[in-house]
There are 2 protein chains.
Amino acid sequence: MSSTARGARARARMEVTAAIKDEARRQLAADGAAKLSLRAVARELGMVSSALYRYFPSRDDLLTALIIDAYDSLGAGAEAAHREVADAGPVRRWTAVCEAVRGWALGHPHEYALIYGSPVPGYTAPDTTVAAASRVGLLLIGIARDAHQGPGPVRPPLPAGLRPEAERMAADLAPDLPPETVTALVAAWAQLYGLVGFELFGQFNRVVEDRETFFRHAVTRLAHGVGLAQEC
Amino acid sequence: MSSTARGARARARMEVTAAIKDEARRQLAADGAAKLSLRAVARELGMVSSALYRYFPSRDDLLTALIIDAYDSLGAGAEAAHREVADAGPVRRWTAVCEAVRGWALGHPHEYALIYGSPVPGYTAPDTTVAAASRVGLLLIGIARDAHQGPGPVRPPLPAGLRPEAERMAADLAPDLPPETVTALVAAWAQLYGLVGFELFGQFNRVVEDRETFFRHAVTRLAHGVGLAQEC
DNA sequence: ACACATTCGAGAGCACTGCTCTTGCTCTGG
DNA sequence: CCAGAGCAAGAGCAGTGCTCTCGAATGTGT
């Protein structure tokens with residue numbers, strides 16, 4: 001309420017801020033993060049470049065805002081896709097989330113590159129981003145949790161050296177899941193983005209043609225690896 | 001022979017070209033691709049910026065040269081690591097190659113970002129790069145080939161929709177391997193870089209601590225997934 | 001051995017970038 | 001109502017990629 005009613009001044013500020021982000025997002029989608037120019041954004045909005053610094057203290061701050069929005073957009077897309085199959089089995093839900101990630105990446109390549117490609121220049125992930133960044137991960141953890149309600153099949157035992165780390169990760173991420181599952185989950189989480197990145201960044205050129213089918217199969221096997229399937 | 005004896009002119013050109021690339025690589029390693037500046041390279045080399053254009057027609061061409069060198073450096077590192085365990089079993093060789101990739105990435109983060117992060121701005125992969133880029137992939141294929149000499153365990157059958165694509169990939173990449181294996185191989189290949197990228201780009205911060213152990217375990221499971229182990 | 005042609009380095013210059021500082025105008029809270 | 005805060009505008013600095021021109025050094029053909 002205070003955010004909307006607190007004066008016309010504040011409202012105008014919000015609107016201009018949103019307009020700047022929108023135009024910046026347009027340029028980001030069109031030409032990539034490297035060619036995003038504060039001056040061009042200002043020009044397109046009919047203001048002078050120095051005026052823009054009242055809203056974002058630097059170009060990197062603008063990019064950081066776009067990064068957070070991108071994480072949120074990706075997370076919202078994944079959550080929406082998950083919601084549509086909320087009643088299905090774990091594997092189906094898992095692949096739905098994975099395919100939502102892939103779909104979002106293909107639809108927003110430059111934004112994906114911004115958050116999962118190389119961090120722009122000096123790469124510092126402010127703590128503000130971690131909440132937005134973990135939405136997809138939380139979704140995947142939730143699916144694994146639901147699948148492990150009953151006494152699941154025993155995973156291959158962890159090597160002795162990994163056990164402390166696996167238990168630490170489990171305690172941090174999902175105390176109700178066995179460390180073997182959490183370890184597999186974290187690995188699958190990273191591997192998912194390997195698949196998406198390779199397709200998006202052209203590494204699959206002249207290698208994989210029917211990428212959608214290939215991806216669906218690969219993430220299905222990922223789901224099996226995490227132990228989401230009935231039998232192993 | 002002609003490359004060395006063909007006049008002092010050509011030799012000087014080679015030397016200057018190499019000096020430019022070396023200095024550019026230094027700046028790349030120090031500050032990342034975004035901050036690589038032709039003028040700064042020229043300044044450091046004691047020449048004027050316009051002179052540099054006699055050797056590289058644009059900044060992007062310089063970056064392309066660095067990309068090819070990076071692929072070659074990574075490939076050479078992986079091959080060297082593989083050579084040292086050439087007599088070991090397939091899983092051992094597989095993990096050795098994977099760990100070499102990880103080690104190279106940690107040692108050359110900005111160069112890794114250049115080739116496996118977001119392609120710089122306009123991202124066009126010239127055909128010149130594909131040979132250098134496929135060295136690690138060929139290594140992994142070779143390991144799988146050696147492991148599948150005898151009649152290996154039957155992989156879970158491919159879904160019907162993937163079969164044509166799997167057979168096409170197998171025909172292109174490794175006609176002597178079963179399509180199931182080739183499919184798993186390509187997926188594992190991409191997933192490997194997902195693991196490396198997540199560690200390198202900070203996605204594992206506050207998630208995975210003992211990254212070396214985690215990575216070794218993850219790529220071992222990757223090897224099992226490709227069918228390199230004795231029993232499944 | 002000489003003249004020609006090619007290659008190269010240097011400098012000036014253009015259009016662009018991120019960012020700062022100062023100058024005024026406008027709007028708002030007490 | 002009016003002092004002070006918020007804001008846009010302009011000039012300006014240092015840096016960038018890239019182009020063009022102009023001498024000078026250099027290698028080559030006759």
Side-chain angles (χ1 to χ4, degrees), chain A residues 2-21 23-24 26-28 30-67 114 119-124, chain B residues 2-21 23-24 26-28 30-67 114 119-124:
Chain A
S2 75
S3 68
T4 67
R6 198 52 98 70
R9 208 77 185 248
R11 195 205 317 276
R13 179 167 242 281
M14 292 297 175
E15 280 174 18
V16 175
T17 305
I20 292 172
K21 285 208 291 188
E23 176 59 29
R26 269 202 54 250
Q27 294 193 17
L28 173 63
D31 300 321
K35 296 197 175 178
L36 197 168
S37 149
L38 278 188
R39 293 182 110 109
V41 170
R43 204 179 304 135
E44 209 69 20
L45 261 53
M47 42 172 139
V48 87
S49 71
S50 60
L52 214 145
Y53 285 82
R54 300 257 171 209
Y55 299 89
F56 295 93
S58 81
R59 179 183 181 273
D60 279 0
D61 289 87
L62 215 194
L63 272 179
T64 303
L66 294 184
I67 288 176
L114 191 61
V120 215
Y123 79 102
T124 49
Chain B
S2 73
S3 69
T4 67
R6 201 48 101 67
R9 205 81 183 245
R11 188 194 337 264
R13 180 166 242 282
M14 293 296 175
E15 279 175 18
V16 175
T17 305
I20 293 173
K21 285 209 291 190
E23 176 58 30
R26 270 203 52 251
Q27 294 194 17
L28 173 63
D31 299 320
K35 296 197 175 177
L36 197 167
S37 148
L38 278 187
R39 293 182 110 110
V41 170
R43 205 180 303 134
E44 209 69 21
L45 262 52
M47 41 171 140
V48 87
S49 72
S50 60
L52 215 147
Y53 285 82
R54 303 262 173 204
Y55 299 90
F56 295 93
S58 81
R59 180 182 180 274
D60 278 1
D61 289 87
L62 214 194
L63 271 181
T64 303
L66 293 185
I67 287 175
L114 190 60
V120 215
Y123 79 100
T124 49

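Model, not experiment: these values are computed from the prediction. The sequence lines fix the lettering, A, B, ..., with proteins before strands; numbering per chain opens at 1.
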* Structure fact -> Closest non-hydrogen contact found for B:Ala24 with B:Leu36 is O-CD1, 3.9 Å
* Value in whole Å for how far the P atom of D:dT26 lies from CD of B:Glu15 -> 14 Å
* Asked: Under 4.0 Å: is that the gap between some side-chain N or O of A:Tyr55 and OP1 or OP2 of D:dA8?
  -> yes
* Asked: Is B:Arg39 near enough to C:dT17 that one of its side-chain N or O atoms lies under 4.0 angstrom from OP1 or OP2?
  -> no
* **D:dG6 base / A:Arg54 side chain donor-acceptor hit below 3.5 Å** => no
* **Selected nucleotide, minimal atom distance to A:Leu38 side chain, candidates D:dA9, D:dG17, C:dG18** => C:dG18
* Asked: A:Ser50 has a side chain; which of C:dT20, D:dC18, C:dT17 sits nearest to it?
  -> C:dT20
* **Donor on one side chain, acceptor on other, B:Ser58 and B:Asp61, under 3.5 Å** => yes
* Asked: How close or far is atom C1' of C:dC16 from atom CG of A:Leu36, stated in whole angstroms?
  -> 15 Å
* To do: Starting from C1' on D:dG6, measure out to CE on A:Met14 and report it in whole angstrom.
  => 15 Å
* Pick the nucleotide of DNA chain D nearest each of A:Ser49 and A:Leu52; which residue has the one closer to the 5' end? -> A:Leu52
* Let me know the distance between CG of B:Leu45 and P of C:dA10, rounded to the nearest Å. => 11 Å
* **Below 4.0 Å: OP1/OP2 of D:dG15 and any side-chain N or O of B:Ser37** => no
* Asked: Do you know which two heavy atoms are closest between B:Val41 and B:Gln27, and how far apart they sit?
  -> N-NE2, 3.3 Å
* Under-4.0 Å side-chain N/O to phosphate OP1/OP2 contact, B:Arg13 with D:dG27 -> no
* Structure fact -> Here the gap from A:Arg59 atom CZ to A:Arg39 atom CZ, rounded to the nearest 0.5 Å, amounts to 13.0 Å
* Using a heavy-atom cut-off of under 4.0 Å over every strand shown, decide if A:Ser58 touches base, sugar-phosphate, or nothing. => sugar-phosphate
* Does A:Tyr53 put a side-chain nitrogen or oxygen below 4.0 Å from OP1 or OP2 of D:dA8? -> no
* To do: Let me know the distance between CE of B:Met47 and P of C:dG11, rounded to the nearest Å.
  => 14 Å
* Whole-Å gap separating P (C:dT17) and CG (A:Asp60) -> 16 Å
* Asked: How far apart are the closest heavy atoms of A:Ala42 and A:Ser49, and which atoms are they?
  -> CB-CA, 3.7 Å
* Rounded to the Å, how far apart are B:Arg11 CZ and D:dG27 P? -> 11 Å
* Asked: Can you tell me how far C1' of C:dC16 sits from CG of A:Asp31, to the nearest Å?
  -> 14 Å
* Looking at A:Arg59, does any N or O in its side chain come under 4.0 Å of the phosphate oxygens OP1/OP2 on C:dG18? -> yes
